[in-house]
Amino acid sequence: MTRSLVVRLLGTSVLIVVLSVGAAAWLAAKTATRAVQQEQSRSLADDSLIHDTLLGYAAEHRDWTDVAPLVRRLAAESGRQITVTTTGGTVITASHPGAPVPARADAVLDPLGATIDPRVVGPYRLTGRDQVRQHTLAGKRLRCLQDQGVAATAEETPAGRLVVRLTDENRNQRGECAFREDAPTPAERAALNQLEDRVTLCLRGRRLTDVSFYTTDFVPIHRDPANVGNSQVIQDCVDRGRREQLRPYVAEPARLYLASPPRQPAPVFDLSPDSTRRIAVVTALVLAAAVATTLLVGLRLVRPLRELTAAVDSAASRPAPVRITRNDEIGRLAAAFNALADRSEHSEQQRRTMVDDIAHELRSPLTNIRNWLTAGQDGLADLDQDMVRLLLEETALLQHIVDDLADLADADAGTLALTLGDHAVGDLLAQACEAHRGTTLTVRGDPWAVVDPIRFRQIVGNLLTNARRHTPADGRVEVRAGIADGLLVVDVADTGEGIAAADLPHVFDRFWRADRARARATGGSGLGLSIARKLAQAHGGDITVVSTLGEGSTFTVRLPARPDEPAR
């Protein structure tokens, strides 16, 4: 084993060194490739920014007279050579005067091209009192929607108009808000009338009826249903009319040329024979150092591992503790091994105790059943209805113990099936308390929770059975329930005999009783509280207990009211 471990460590170190060298070479190549790709991506992003900025300038100006400072700034920020010419080839401005113009243009700067740039507003720009009045109406509608719980935002368009937009989840909600902030101003209405005239001429040439525009979103309103089937033709006329109307407000189309300014060629890196030999020598030294270190570390690691192996091999049925005092991974492994040995011993003790308890719980009813059946067989007792009822009670007790053990087995295996649903907690508690008369029920509010109703009543019923068993006839048992911080909290409090502080950690242990001499007729099987806690944990919650000896106990069930919502 020693040699096998050392050989594995040695082979691992050699493989790591080889992979490291290869990874370094691959990383260098990958880094260079990535740098080139990033440079290309940045160049594309810069070109897109240049095109969009100049297109916006053309949309907001009537000519290219003052574009030169903007071109120089864009060229300085991007490191690109920018040239803008007319469609006829005359240079309007250039970031590098005298530099040759590329043979092919990169783009055409026309805000009224295939798609009309939204920054072209022309006669639809709001100014002065019209803008103030429109913004006021939009603000009132926004506040009105928000007061009614409708999520909305306000956004200012390039024309200076404030548009109220509903969020996606509130798209179909309108609210009781009658503020028409989208109604055109007198100046906009005049511009829309001019647009309608241009569109009308176009439509009549195609033998279609007129359309109208009620808002500045330029969506045509059809007066004739026959127009619906010609929506594309109508849209073409609308776009044509808008281009004719907006052309005086934008710069003439121009061509954009982008190029990289001339740079000094970068020196080509080449390895000399001396450099190659130095790299080889360093690689060999690194490999030798890795091998030597691996041998030393491997030999040191093997010794305590052999001790652990011997301890495991020498154990007949359970691992025996080992003595390895080291403050490293091997020491922690030895500590974990010793802890495992302790847990194994504790589990074995619990197993023996549980087997004894189960045998004790089953022996008494089985003995009663056997004795009465033997007496009946020998003619010493009559198997009348009372005898049959007694035997059935003993059989029911056995069945109850077996069912409780089955529930615990399912809970331990994680196969306990729950049928969850949204239920009124007050109704479920009332049903559980109905079987335990004299119980006081207090429910705060009208709590609902996602629980398995049968298992939930079983939890509360087990707690009530335990409380009734340990509370005198003149005592009081109370159930309180409510929702707190996303949790369903149910308290089962009694004024019974209470539990000693030393016994509290064992309350939920299986077959445990505070008084070991208590008979089954008064003490139950000792599984009720264990099952209640397992059922609560299956719901994602737990049960805790506080008690004062001689004064009473309070068992508290905490379950998530909504399992899909984390509790605070």
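This chain uses plain numbering: 1 for the first residue, then up along the sequence.
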For a 4.5 angstrom cut-off between non-hydrogen side-chain atoms, does Thr554 reach Val545? no
Any salt bridge (charged side-chain N to carboxylate O under 4.0 Å, His left out) pairs touching residues 536-545, not counting sequence neighbours? Arg533-Asp542
Residues that Gln431 engages under side-chain hydrogen bond (donor to acceptor under 3.5 Å, both in side chains), provided they are two or more places apart: Arg457
Tightest non-hydrogen contact, residues Leu418 and Arg455, listed as CD2-CG, 3.7 Å
Apply salt bridge (charged side-chain N to carboxylate O under 4.0 Å, His left out) to Asp52 and list each qualifying residue two or more places apart in sequence or on a separate chain. Arg119
Quick one: does Gln134's side chain have a donor or acceptor within less than 3.5 Å of a partner on Leu162's backbone? yes
Go through the structure and list residues passing side-chain hydrogen bond (donor to acceptor under 3.5 Å, both in side chains) with Thr157, not counting sequence neighbours. none
Those residues at least two apart in sequence (or on a different chain) that pass side-chain hydrogen bond (donor to acceptor under 3.5 Å, both in side chains) with Thr544 are Arg558
Leu49: partners by side chain to side chain contact (heavy atoms under 4.5 Å, CB included), with sequence neighbours left out: Thr53
Taking the side chain from Thr136 and the backbone from Val132, do they hold a donor-acceptor pair closer than 3.5 Å? yes
Just jot down the salt bridge (charged side-chain N to carboxylate O under 4.0 Å, His left out) partners of Arg468, sequence neighbours excluded, or say none. none
side-chain hydrogen bond (donor to acceptor under 3.5 Å, both in side chains) filter on Thr556, not counting sequence neighbours, yields Asp491
Restricting to side chain to side chain contact (heavy atoms under 4.5 Å, CB included), what partner residues turn up for Ala432, sequence neighbours left out? Val460
Can you name the nearest heavy-atom pair linking Leu559 to Val451, along with the distance? CD1-CG1, 4.2 Å
Closer than 3.5 angstrom, by distance alone: can the side chain of His539 be matched with the main-chain N or O of Leu420 as a donor-acceptor pair? no
Can you name the residues that form a side chain to side chain contact (heavy atoms under 4.5 Å, CB included) with Ala430, not counting sequence neighbours? Leu441
Side chain to side chain contact (heavy atoms under 4.5 Å, CB included) partners for Ala435, two or more places apart: none
Below 3.5 Å, can you tabulate the donor-acceptor pairs from side chains in residues 442-449 to any protein atom, sequence neighbours excluded?
unit_1	atom_1	unit_2	atom_2	d
Asp446	OD2	Trp448	NE1	3.4

Is it the case that the side chain of Asp494 and the backbone of Ser553 share a donor-acceptor pair, with hydrogens and angles ignored and the cut-off at 3.5 Å? yes
